[in-house]
K.L.:
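Sending over a structure as structure tokens; questions will come in a sec.
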Amino acid sequence: MDTWSLLSICVLLGLTTRWAVSLNSYSGAGKPPMFGDYEAQRHWQEITYNLPVHEWYFNTTDNNLNYWGLDYPPLTAYHSLLCGHVASLINPDWVELHTSQGFESSAHKLFMRATVLIADLLMYVPAVVLYCFYLSEGSNRKKVCLVLCILLYPGLILIDYGHFQYNSISLGLALWGVLGLGLGWDMLGSLAFVLAVNYKQMELYHSLPFFCYLLGKCFKQGMAGRGLFLLVKIAVTVLVTFTLCWLPFLTDPGQVLQVLHRLFPVGRGLFEDKVANTWCSLNVLIKIKTILSTDTQLYLSLAATLLAALPSSIKLLTKPTLWQFKLALVNSSLAFFLFSFQVHEKSILLPALPVCLLLGDLPLPAVWFLQASTFSMLPLFLKDGLFVPYAVTSSAFVFYSVYLLSALEHSSEEELRLRPVRRLVCLPRVDLGRIARWTFYLSVAAMAGLSFMSVALAPPARLPDLFPLLVSVFSFLHFLGLLLYFNVVQIAEPPSPRRKNPKKTE
Amino acid sequence: MEVNSNGSIEPCGTPLTHSSGSNWVHSTDFEVHRNWLAITHSLPVSKWYHESTSEWTLDYPPLFAWFEYGLSHVAQHFDKKMLVVQNLGYASPATVLFQRLSVIATDVVFIYAVRECCRSVREEKGSKDLLVRPYFILAALLLWNYGLLIVDHIHFQYNGFLCGILLLSVARHLQGRHLEGAFLFAVLLNLKHIYLYIAPAYGIFLLRSYCFTKDNTDGSVRWSSLSLVRLIALGSIVISVCALSFGPFIAMGQLPQVLSRLFPFKRGLCHAYWAPNIWALYNVVDKALSVLGLRLKLLANLPKASMTGGLVQEFQHSVLPSVSPSATLICTLVSILPAVLSIWRCPRGARGFLRCLVVCALCSFMFGWHVHEKAILMAILPLSVLAVESREDAGIFLMLATTGHYSLFPLLFTATEMPTKVLLILLFTLYSFTSLKKLFRGFLLNTLEVTYLLGLIAVEIICEVVYPLLPWKQTLPFVTLLAKSVYCSLGVSYSFIRLYLSILRPTDKPKEL
């Protein structure tokens, strides 16, 4: 069949899945007084629509920062302003200052879900399609399968269309950044990435690879000539973009400081709630939060994060290719997720995006990671009443991606690039590919079992948090293992010659 | 690729749509089935067809009532309160969950039937990739049929289950297992009596091609080759199934009551949302003539034709003669006659029978009394089997399926469901066009047909976007439904005529059974 018709069908399938999920409940539905992320987004529309810019990030009588104060960078605020304008055109009650707090209606839900769908359609979906067709390898049929698998990734769908967020905008912009860099348009790529960071500060997880890749490229082109020129161009692009985004706040240094204070709340602890990272899992054995002071915790996490992200960044600096770049994105964001300060479980989407980009090259580990990332957010989905969409989308994703990308057939040792492991571990007779496959089966079965138990069984009275804890520790082990794996793949040998596409930029 | 692996991909889609549907507003059909669960569970058999606490009385044949009875035994583990007859409109989450799960579970029958149909499809030799092999296309067209998805999983009915039995019976005939096919059809008739309309196709086909074992050299029937054994076998199968289903009621002397519930002719000529059939066109012509007559002062005064009021009201026509139930029955029978006669005189094997079946289903849709738009599925699904084998049938299928599916749009009318129905119909239409075009290597529709189908998009935009902005929306709110229905009837009538001509066209030699 025609590639275009297949592609249209896949995109339509992705959109249908998204809309089907969006018909379910959202975060904080019907739960006064604080509600949830849905109410937060609606509140930001109210604030940005009604109040002047210099009051958005400040605690005033009209703007109570304790009730979902704005804690994302200015682009989110501008986007909320735009949505607020549209909302007031349809029904002013939705964004009425003060009186619209906790407003819930089916028409409003339709409006909010529609804003997510439109943002997705404009930002994320085109980026995915362009990436698959211009930056991935294989036949046209394989590229279309890749589009479908990436669009069906359940984590993003459930968070954006279920829980309610706008991750598709920031992740989409980051993907445009990757696209720009991959096609050799460094300035446009940097521009897109800076916009992504200005939309959600968590995109800083991806900043190290972008920085190292561009710097490495400048070095390669020679710091005396073209390299320096490129560096200057990129620096100027970045500075200008930042200035433009922050323009309304630059009039007063107090504004800038307050915004930064809202974006990076260092007053809060090492972690909140159960999240699948090192500190929370370590907390099961040693109560770190009580042993160490907040400052020590901050420094410890900073040191650990940098240490974990360092090897991959240095490797990227020395060898700035697209393949290394993608792996570095995974490694860096996963390192940040596992060791950083105040990480939320939704931040797993940040490593998940680059792993989606690896679906074509390393299908089995990528599917495994993506499945684990969705699983790690299970307690959040249960809280939002999204178990059924979670179960259906995860099963569909595992099934379709393993089948369409032939993940299990391409899981030989060579294709998984496990040769370095063999050299390291010196096990002559063991077939690492087979071990990988069987571990995958067991892992998926365990995830299915735990999911079912979380919803069907009640935890014992002595351990009320048993299931969320089990979920987060189980996911943590997966993430740690996959971090090591992706680091090994990146730092060891480069991809084999047949994969090199002469068209790709160096 | 085995059918198994491909067959396992497709069903993933239906639970997804279905599970999302669990939270939606459910239709009256939901309450209808809940009521029937309650009636069959709580009341003794003698009261089933007398019960009328709810307006949704039991109006399917007894076998379906037994089916609901069986389901009710599972239902009591979900929520006992749904089985109380007095709980009208009861819809707890457990009830919704159970009902939806029951549709998914009975869809297993449909999936099996699709697999059997796909196995019976003829295809050319030669390696092709999976996506353009006829059985894959047929599996996709059937399992992801837009109409079924919308009607069953979103609107709520057991059509998947019933159509599954129909398709299984068709598959058995295509495979030459006629007794099984006949048995399945008898079961189907006793589950939903609307399939009586296609009974003539079965009857004549089985009589002509199964009971008369040999033909003369010119294709006409050889009376001497009547096989009494086969005739008796067929007869006994049909009679025993009917006896099993109706038996208890005949024994209790309730047959007239049951029949009166099964065939309620009190309802109006057209359903609330007009099915795009002949009577929709008839109504519009009548209305137009009456308006014209008033303008030209040819008519003095008219009874107010209230054809658009209410759900099931009767109405009188103003200018043209009013249509009674018996008139529609006669029209339907007359329209079926030529098709049925043609397979008597010139049987073309199981495929000729299938063609006749589709024609009968379409005739009943075009001329029947109180036809629901959902009935178009009875024609579209079997036509899919023909569509993957013949180029001309593929063209007719594309016209009929697209128009028929579009006519189902009014079933889902809330703004929330709008993106879903648009996305799904785009998916199905895009897939059916491109896959069939690739299969038959070339364009299947001529310019006029393509223009008509593109006109559907225009109609939708006008009705949904333009019309609400016009001032007439308040005074003439049903214009959009009318417009859609009339536009679709053109397409459906055109497909009907083409299909009819294809069955009447003489073939070169009669095919073997």
Side-chain angles (χ1 to χ4, degrees), chain A residues 1-26 29 90 105-111 113-114 116-118 121 139 141 144-145 148 152 154 157 161-162 385-400 402-404, chain B residues 1 4-6 8-25 93 96-97 100-101 104 128-133 136-137 140 144 146 149 153-154 412 414-439 441:
Chain A
M1 261 169 72
D2 255 353
T3 313
W4 289 115
S5 42
L6 267 179
L7 179 65
S8 318
I9 290 179
C10 289
V11 169
L12 282 173
L13 274 174
L15 291 176
T16 315
T17 318
R18 282 158 162 72
W19 192 257
V21 170
S22 79
L23 294 162
N24 288 285
S25 162
Y26 48 79
I90 305 177
S105 80
S106 49
H108 186 235
K109 183 180 173 192
L110 183 61
F111 165 72
R113 296 293 196 202
V116 180
L117 185 67
I118 293 173
L121 258 177
S139 66
R141 185 63 64 81
V144 173
C145 290
L148 183 63
L152 279 184
I157 301 181
Y161 289 87
L386 291 170
F387 181 73
V388 173
Y390 157 77
V392 175
T393 48
S394 317
S395 342
F397 176 73
V398 164
F399 190 76
Y400 278 109
V402 165
Y403 174 73
L404 288 174
Chain B
M1 286 273 183
N4 291 328
S5 53
N6 120 78
S8 47
I9 309 171
E10 319 275 2
C12 289
T14 43
L16 173 68
T17 330
H18 214 81
S19 60
S20 332
S22 318
N23 286 332
W24 291 344
V25 174
V96 177
L97 182 65
R100 298 246 177 236
L101 281 178
I104 297 182
K128 280 186 225 160
D129 73 293
L130 175 67
L131 286 181
V132 282
R133 307 247 332 245
F136 181 85
I137 297 180
W144 281 75
Y146 170 81
L149 274 177
H153 298 281
I154 300 178
L412 305 178
T414 65
T416 323
E417 291 158 329
M418 168 72 90
T420 319
K421 66 183 185 190
V422 168
L423 285 171
L424 285 175
I425 203 174
L426 278 176
L427 258 174
F428 183 83
T429 317
L430 188 59
Y431 179 76
S432 54
F433 271 79
T434 47
S435 61
L436 286 175
K437 181 175 138 191
K438 193 74 194 272
L439 180 64
R441 283 180 282 264

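Each chain gets a letter, A, B and so on, in the order the sequences are listed, and its residues count up from 1.
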K.L.:
Check whether any side-chain heavy atom of A:L23 sits under 4.5 Å from a side-chain heavy atom of B:T416, and report yes or no.
P.N.:
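The answer is yes; the side chains approach within 4.5 Å.
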K.L.:
Would you confirm whether A:W19, through its side chain, and B:E417, through its main-chain N or O, come within 3.5 Å as a donor-acceptor pair?
P.N.:
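Side chain of A:W19 to backbone of B:E417: no pair is present.
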K.L.:
Go through the atoms of A:L15 and report whether side chain, backbone, both or neither lie under 4.5 Å from a heavy atom of chain B.
P.N.:
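Both parts, heavy atoms under 4.5 Å.
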K.L.:
Out of curiosity, B:L430 CG to A:L12 CG, how far, rounded to the nearest 0.5 Å?
P.N.:
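Reported value, rounded in 0.5 Å steps: 6.5 Å.
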K.L.:
For A:L13, is it the side chain, the backbone, both or neither that has a heavy atom under 4.5 Å from a heavy atom of chain B?
P.N.:
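Looking at A:L13, backbone and side chain both touch chain B.
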K.L.:
Are more than 12 heavy atoms from other residues, nucleotides or ligands located less than 6.0 Å from atom NZ of B:K421?
P.N.:
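Counting neighbours around NZ of B:K421, more than 12 heavy atoms of other residues, nucleotides or ligands fall under 6.0 Å, so yes.
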K.L.:
Quick one: OG on A:S5 to NZ on B:K438, what's the gap to the nearest 0.5 Å?
P.N.:
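So the gap between those two atoms works out to 8.0 Å.
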K.L.:
Identify the two heavy atoms, one from A:L110 and one from B:A415, that lie closest to each other, and give their separation to 0.1 Å.
P.N.:
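Heavy atoms only, the tightest pair is CD2-CB, 3.4 Å.
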K.L.:
Just how far is it from atom OG1 of A:T17 to atom CG of B:L423, taken to the nearest 0.5 Å?
P.N.:
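If we round to the nearest 0.5 Å, A:T17:OG1 and B:L423:CG are 9.5 Å apart.
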K.L.:
Can you list the residues that meet the ring-ring contact (aromatic ring centres under 6.0 Å, His included) rule with A:Y161, with sequence neighbours excluded?
P.N.:
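Applying ring-ring contact (aromatic ring centres under 6.0 Å, His included) to A:Y161 gives none.
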